Amino acid sequence: MRVTKKLLLGSVVVTAALALAACAPSAEPSGESTDGGGPEEVTVGIVTSESGPLAGYGKQYLDGFQAGLDYATDGTGEIDGTTITIENRDDAGDPDKAVTAVKELIGEGVNIIAGTASSGVALAVAEQAEQNKVLYISGPAAADAITGINDYTFRSGRQSAQDVATAGTFLDDIEGKTVTVFAQDNAFGQGNVAAVEAILGGKGATVNSVLVAEDATEFTPFAQQVLAGSPDLVFVAWAGATSGAMWQAMSQQGVLDEIPVVTGLGDSATFGAYGEASEKINFLNHYFPGAPDNDVNTAMVEAIEDAGGTADLFSPDGFNAAIMIVQAIKEGQGDVDAMVSALEGFEFEGPKGAMTVRESDHALIQEMYQAKLVAKDGTFVPELVDTVSADDVAPAEAE
């Protein structure tokens, strides 16, 4: 068993000599060494969406990453004389483009890669990390398959299993209850059905589903079908331009008045998308700025605002990634396997509070939130309902 490593934030003092070989796995470390034996400069490749459909998520991540790097290095961007240089690449949400960028970075000697909002991109990059034996820290990408995929891949955000487990906390006791998944009949919707069956079904719930064709524009019959089934909980997994019409039908047919309905609260751009249903929906949540109350979150929010941005859903994922990279460089001394060991079991304080990198499969164990939207000054803002403990929503260990 490895000894747990802790990074004490708020007074980050880096005193050990650092090294990171900014090179391909088979190459010798490049650059002159510091007095402690580490290279004078380390390059980290950040590959995420700066354009394309997930560009907003990419910006949140990048804003958080810069704030986290400043925080963890006390604004210097260096550790014991080793300068951390960031090389940004835009994947545009395209796995092929991401793989090309990662190969180029590795060819230039980079052995730390981070980022990615798209699960498809993250899975492709994880494959490259294993093949080339470089450290990869995935970003907001939520697919459960990323956890435990290989020894070189970690994640700096939550995963879908933690979302689904949080949905189950809206019932006092899930055993013996009926949960209906209301979703589009596509890979995303079917994946959510499978996740609810595995996680909530595994806790004793009966799980069924109402799946709607992607090209549907009239949702009243489907809302009536949900209502007729009289479930104890409805889990909604929906994406795209029809969301507003779907929620309108659910509200007008009385589903939201009769049955607890849970869905994920997205970033701030979505807060006004629920119409009259807004204050009737129960939201599971990964992060919004008012959810955590701690010094690290305050520091992140202030740093992002001072830089002209706004903290949002995936800001902590970037912030956490920076903390993890500093830890890897601090302890790894240029060796990828040593950097992996430095992160396994790593505990640290992030914007959401206590975070733990599970040693066995690299899941990031963390608290989750129950939230609601409330009307304020002509718009809707999130309010924290409850904090769900990290242990209560920890995903099953990947085999």
Side-chain angles (χ1 to χ4, degrees), residues 47-49 52-61 64-65 91 93 95 98 114-127 136-150 153-169 181 183-184 186-200 235-240 243 262-267 269-270 283-288 291 312-321 324 350-352 355 357-358 361-369 371 388 390 393-398:
V47 181
T48 194
S49 292
L54 302 179
Y57 296 163
K59 184 179 188 308
Q60 294 167 26
Y61 174 90
F65 183 88
D91 64 32
T116 308
S118 162
S119 291
V121 169
L123 291 167
V125 174
E127 182 179 357
Y136 173 46
I137 301 175
S138 174
D144 292 316
I146 298 165
T147 295
I149 189 170
N150 58 55
T153 299
F154 293 78
R155 66 191 322 147
S156 62
R158 99 296 185 214
Q159 63 189 78
S160 295
Q162 288 160 307
D163 288 343
V164 173
T166 304
T169 66
V181 182
Q184 292 151 306
N186 55 21
F188 173 72
Q190 294 160 10
N192 274 274
V193 173
V196 174
E197 288 176 341
I199 296 166
L200 301 188
F235 180 82
V236 177
W238 206 277
S243 295
V262 180
T263 196
L265 181 64
D267 61 350
T270 69
F283 292 98
L284 64 93
N285 179 249
H286 162 56
Y287 174 83
F288 65 89
D312 213 327
L313 183 65
F314 295 122
S315 302
D317 299 38
F319 198 98
N320 292 339
M324 294 170 70
K352 293 179 64 177
M355 315 291 284
V357 180
R358 192 161 61 192
D361 62 0
H362 304 172
L364 189 61
I365 309 303
Q366 60 195 279
E367 294 179 341
M368 296 286 285
Y369 307 112
V388 183
V393 294
E397 292 191 43

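Position 1 is the first residue of the sequence, and the numbers go up from there. If you're wondering where the values come from, they're calculated on a predicted model, not measured in any experiment.
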Problem - Minimal non-hydrogen separation, A161 against D144, with atom names - result: N-OD1, 2.9 Å
Handout entry: Residue pair D312 / Y287: nearest heavy atoms and the distance that separates them
Key = O-CD2, 3.2 Å
Problem - T263 side chain near F283 side chain, heavy-atom distance below 4.5 Å - result: yes
Completion exercise
Smallest heavy-atom separation, G148 atom then A398 atom, equals CA-CB, 4.1 Å
Practice task
Give, for atom CG of L200 and atom OG1 of T169, the distance between the pair rounded to the nearest 0.5 Å.
Solution key: 9.5 Å
Completion exercise
Rounded to the nearest 0.5 Å, the CG atom of D317 sits from the OG1 atom of T48 at a distance of 10.0 Å
Problem - Heavy-atom closest contact (Y61 atom, A321 atom, distance) - result: OH-CB, 3.5 Å
Problem - Beyond-backbone contact of F235 with V164, side-chain heavy atoms, under 4.5 angstrom - result: yes
Exercise for the section: Kindly compute the distance separating CG (N186) from CG (N192), expressed to the nearest 0.5 Å. Expected result: 9.5 Å
Problem - Heavy-atom side-chain contact between L313 and Q60 under 4.5 Å - result: yes
Practice task
Check whether any side-chain heavy atom of P395 lies under 4.5 Å from a side-chain heavy atom of R358, and answer yes or no.
Solution key: yes
Exercise for the section: Determine the minimum heavy-atom distance between L364 and Q366, stating which atoms define it. Expected result: O-NE2, 3.0 Å
Handout entry: Value rounded to 0.5 Å, distance of OH in Y57 from CG in D267
Key = 5.0 Å
Problem - Student check: side-chain heavy atoms of Y136 and I146 closer than 4.5 Å - result: no
Practice task
Determine yes or no for a side-chain-to-main-chain donor-acceptor pair under 3.5 angstrom, with S160 supplying the side chain and A142 the backbone.
Solution key: yes
Exercise for the section: Compare all side-chain heavy atoms of D163 with those of M368 and state whether any distance is below 4.5 angstrom. Expected result: yes
Practice task
Please answer whether the main-chain N or O of A126 pairs with a side-chain N or O of N150 as donor and acceptor at a distance below 3.5 Å.
Solution key: yes
Handout entry: N285 CG to T166 OG1 distance, which is reported to the nearest 0.5 Å
Key = 9.0 Å
Fill in the blank from the handout: Heavy atoms of S156 and N320 approach each other most closely as O-ND2, 3.1 Å
Practice task
Kindly compute the distance separating CD1 (I149) from CD (E127), expressed to the nearest 0.5 Å.
Solution key: 8.0 Å
Handout entry: Heavy-atom side-chain proximity of T147 to R155 below 4.5 angstrom
Key = yes
Exercise for the section: Keeping the roles fixed (side chain from S49, backbone from G52), state whether a donor-acceptor pair exists under 3.5 Å. Expected result: no
Exercise for the section: For the residue pair F314 and H286, categorise the inter-ring angle as parallel (less than 30°), tilted (30 to 60°) or perpendicular (more than 60°). Expected result: tilted
